[in-house]
A.B. asks: 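One structure, as structure tokens, below. Some questions next.
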Amino acid sequence: MAKLALINREEKRRKVVAKFATKRKTLLAVINSSQSSEEDKAEARASLQRLPRDASPVRLRNRCALTGRPRGYFRKFGLARNKLREIAMRGEVPGLTKASW
């Protein structure tokens with residue numbers, strides 16, 4: 001089980017990313033636009049840098065929904081490998097079977 005502070009920090013980051021998503025999108029559109037002047041692009045870059053660091057979606061980390069474990073995360077299930085294995089062995093994941101050959 002991950003520390004509760006780390007899980008809460010990740011939730012806080014997700015809220016900040018959602019809050020600034022539209023602003024980041026408009027600023028990036030100005031920066032990447034070929035019609036924008038160099039002054040507009042420089043101003044957009046400066047305002048993008050003034051946003052909080054946690055507003056960037058790159059800083060998000062996928063975590064297990066049950067334990068908060070950051071590694072061995074399966075995106076399709078939202079679980080870490082060990083919890084996914086436990087649930088699959090109990091037969092609670094439809095269509096998922098243990099491999100045998």
A.B. asks: Rounded to the nearest 0.5 Å, what separates atom CZ in R45 from atom CZ in R50?
C.D. replies: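 CZ of R50 is found 13.0 Å from CZ of R45.
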
A.B. asks: Going from CG on L48 to NZ on K41, what distance comes out if it is rounded to the nearest 0.5 angstrom?
C.D. replies: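 L48 atom CG to K41 atom NZ measures 14.0 Å (nearest 0.5 Å).
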
A.B. asks: Linking I/L/V/M/F/W/Y whenever any side-chain heavy atoms sit under 4.5 Å apart, do F77 and M89 land together?
C.D. replies: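 In one cluster: no.
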
A.B. asks: Grouping I, L, V, M, F, W and Y whenever their side-chain heavy atoms are under 4.5 Å apart, do I31 and F20 come out in a common cluster?
C.D. replies: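 In one cluster: yes.
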
A.B. asks: Does any part of the side chain of S47, heavy atoms only, come nearer than 4.5 Å to the side chain of L27, both counted from C-beta?
C.D. replies: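 Yes, their side chains come closer than 4.5 Å.
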
A.B. asks: When rounded to the nearest 0.5 angstrom, what is the spacing between CD in E86 and OG1 in T67?
C.D. replies: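 One finds 9.5 Å between CD of E86 and OG1 of T67.
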
A.B. asks: How long is the gap from SG on C64 to CG on N82, to the nearest 0.5 Å?
C.D. replies: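 So the SG of C64 and the CG of N82 are separated by 7.0 Å.
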
A.B. asks: Is it the case that more than 12 heavy atoms not belonging to R14 sit under 6.0 Å from its CZ atom?
C.D. replies: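 Buried by this count: over 12 neighbours within 6.0 Å.
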
A.B. asks: Answer whether the closest heavy-atom distance between the side chains of K23 and L51 falls below 4.5 Å.
C.D. replies: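 Side chain of K23 against side chain of L51, heavy atoms only: contact under 4.5 Å found.
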
A.B. asks: Do R81 and R69 make a side-chain contact, defined as non-hydrogen atoms from C-beta onward lying under 4.5 Å apart?
C.D. replies: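 R81 reaches R69 side chain to side chain.
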
A.B. asks: Evaluate the side-chain proximity of R24 to P57: yes if any heavy-atom separation is below 4.5 Å, no if none is.
C.D. replies: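 In contact.
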
A.B. asks: If we only count heavy atoms from C-beta on, is the V17 to L60 side-chain gap below 4.5 Å?
C.D. replies: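 A side-chain contact under 4.5 Å exists here.
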
A.B. asks: Should we count CD of E10 as having more than 12 external heavy atoms under 6.0 Å?
C.D. replies: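 Counting neighbours around CD of E10, more than 12 heavy atoms of other residues, nucleotides or ligands fall under 6.0 Å, so yes.
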
A.B. asks: Is there side-chain contact between T26 and T22, with at least one heavy-atom pair below 4.5 Å?
C.D. replies: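 No, side chains not in contact.
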
A.B. asks: Does the N32 side chain pair with the main chain of L28, one donor and one acceptor, at a distance under 3.5 Å?
C.D. replies: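 Yes; at least one donor-acceptor contact below 3.5 Å.
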
A.B. asks: Rounded to the nearest 0.5 Å, how far apart are CG of L79 and CD1 of I87?
C.D. replies: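 Going from the CG atom of L79 to the CD1 atom of I87 covers 5.0 Å.
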
A.B. asks: Please answer: with hydrophobic residues joined when any side-chain heavy atoms are less than 4.5 Å apart, are L96 and L66 in the same cluster?
C.D. replies: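 Result: yes, single cluster for both.
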
A.B. asks: Hey, does E43 have a side-chain heavy atom less than 4.5 Å from the side chain of E39?
C.D. replies: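 With C-beta onward as the side chain, the pair stays apart.
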
A.B. asks: About how many Å separate CG of L6 and CZ of R61, when rounded to the nearest 0.5 Å?
C.D. replies: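 Going from CZ on R61 over to CG on L6, the span is 11.0 Å.
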
A.B. asks: Tell me if the CZ atom of R90 is crowded by more than 12 foreign heavy atoms within 6.0 Å.
C.D. replies: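 Check passes, neighbour count above 12.
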
A.B. asks: Might you confirm whether atom NZ of K83 has over 12 heavy atoms from other residues, nucleotides or ligands at distances under 6.0 Å?
C.D. replies: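 Check fails, neighbour count at 12 or below.
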
